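Computed from a predicted model, the values in this text were never measured in an experiment.
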Amino acid sequence: MTLKIYNTLTRQKEIFVPIEDGRVGIYVCGPTVYDHPHIGHAKSYVSFDIVVRYLRHLGYKVRYVQNITDVGHLTDNADAGEDKIEKRAKLEKVEPMELVEMYMRSYYEDMDALNNLRADISPRATGHIPEQIDLVSALIDKGFAYESNQSVYFNVSKLKDYGKLSGRKLEEQESGARIEINPEKKHPADFALWKKAGPEHIMKWNSPWGVGFPGWHLECSVMSMKYLGETFDIHGGGIENVFPHHECEIAQSETANERPFARYWMHNNMVTVDGQKMGKSLGNFVTLKDAFKKFSPLTIRFFVLNTHYSSPINYSDGALEAADTGLERLFNTIRSLRERMESSSGTEGLETWKAKLESYKNDFEGAMNEDFNTAEALAVLFNLSKEVNSLLNKEDVVSKGVLTEIDSFYRAYGGNVLGIITENTGQYDPEGADTYKIEDDLIKALIETRNELRASKQWELADKVRDRLSELGIIIEDKKEKVAWRKK
RNA sequence: GGCGGCAUGGCCAAGUGGACUAAGGCAGCGGAUUGCAAAUCCGUUAUCCAGGGUUCGAAUCCCUGUGCCGCCUCCA
């Protein structure tokens, strides 16, 4: 079985072959940290987290680079807007770097909650100004960039294959261009490499062309090449960045190096909210911090994984509630499994189950190998759970060996690869069991009382205890061997 | 105007030429289990937007139509 990846560059699914055997370099466009992350970030970064996790599962040594954009990303228009960071910093009356620090922390907080692994390198644009200046100089030297009024632009007319990623042709762009013609440019599609900074600018640096700041596209070229090499394996990002951002990255990098840039381009699709596109300018974006108030981060992760990364998803309370119930079902199995493990022993039936799990593994990996089909991979987990639940329902003794083997499977595939099952899955309070010690004892006391009522067939009173606990979010389950309880 | 994508059961969503007599989840219905529940299990609910074509064979390829959506301005 081999991994296949849909490559935007070639518009087809290709067998993945890394440049260096056993190693993978991947660069994913990170956030511009001028606001709290929203559910669009969740889809994007969960998707690429899965890519990294699965590549590691396959045994690759992965170097995952995801940048933090902290300068150069303009509002409105790639050449004429305000710097997003500066604009927001002025609004909040803080230093730009203070703002960056604040939202960067917010970003990591939410990504950690979603159980996304941290990137191996998280380079910041402001930390790579000299490298960016060098790249601009190199492009000027090669005759593909020109200085104009202390700004520098890339001359797209000189590049014959400009547009190869997005499938656009320069001639077609001219008629429909909505950008106002910038008189500094030779061609309307030329993009800024370096921008002259006026006196009002806070973030600015000296350069051979005067005081200025880097163009947005520049940082990704520079930082990916610095940490992954001039040609590297995978470049990922949101589909809305195919043009112009990624197209420009390719133009800059390949012109400077005279060799291919990223080999596989992966693009995740967008999130809509109640059927409408979610955009910062539309003001309908849902921050993760708000979403987390209603739904657990793992529910959101599960919701994202239920659809292929290249398909759009629609965020709505109803959809998230459905996802929540579905995930709970999976968790119920893990809970039952782990409870049963505590009281079991022996290794009877282990060989049979090893064979079964081998088959599930093949199904799971088969799904993931087809361009990271997480929806199908999840279906495999649900199928397994059905079989496990049946096993646990039978009165027969199930050996510890079998239960442990199944648990290992969930840890490996539901845990390490998909990141939805954790060490604590199935526990009544994953956050901190000891802080609920008294509550725990009180519940146990109530359950004991209720058991006595049941023994004397006082059903009404027994049910009342159960109903009251249910109202408080404690679910009682009368099982054959014992009475179990959990937090809803 | 240019480029690209999507249309699968009540909802969400895999599948993109032959083991599809179409995964999986949510919701519903019937049953098992239970003192009643909960949890779980079993059964049940589709011929794949419409029309035409290619093929021995199509949800899957081609054409036409309809309807959505994205990009071409910042956005993950």
Counting only Watson-Crick or G-U wobble pairs whose two distances fall under 3.5 Å, which nucleotide matches [N]?
N: A14(B); result: none
N: G70(B); result: C3(B)
N: U40(B); result: A32(B)

Query raised in the report: Nearest nucleotide by nearest heavy atom, which residue falls closer to the 5' end of RNA chain B, I39(A) or R329(A)?
Result: R329(A)
Requested in this report: With RNA chain B as reference, determine whether S166(A) or R454(A) sits nearer its 5' end, using the nearest nucleotide of each.
Outcome: S166(A)
Report task. Tell me whether the guanidinium CZ or amine NZ of R329(A) lies under 6.0 angstrom from the six-membered ring centre of F382(A) and within 45° of its axis. Result -> no
Query - Quiz item: D463(A) side-chain donor-acceptor pair to G35(B) base, under 3.5 Å - result: yes
Query raised in the report: Does D478(A) get its side chain close enough to the base of C36(B), under 3.5 Å, for a donor-acceptor pair?
Result: yes
Query raised in the report: Hey, does T333(A) reach any base, or is it just sugar-phosphate, or nothing, if we go heavy atoms under 4.0 Å?
Result: nothing
Query - Nearest-angstrom distance from the residue atom CZ of R168(A) to C1' of G5(B) - result: 13 Å
Between [N] and [M], how far is it from one [atom1] atom to the other, in whole Å?
N: U47(B); M: G15(B); atom1: C1'; result: 14 Å
N: C11(B); M: A39(B); atom1: P; result: 25 Å
N: U64(B); M: A46(B); atom1: C1'; result: 26 Å
N: G5(B); M: G9(B); atom1: C1'; result: 24 Å
N: A13(B); M: A59(B); atom1: C1'; result: 14 Å

Query raised in the report: Is the aromatic ring centre of Y45(A) closer than 5.5 Å to the centre of the six-membered base ring of A76(B), with the two planes inclined by less than 30°?
Result: no
Query raised in the report: Near K294(A) NZ, under 6.0 Å, is it more than 12 heavy atoms from other residues, nucleotides or ligands?
Result: no
Report task. Return yes if a side-chain donor-acceptor contact under 3.5 Å exists between N369(A) and Y54(A), otherwise no. Result -> yes
**Report entry** Check ion pair E184(A)-K196(A) (N to O, under 4.0 angstrom)
**Finding:** no
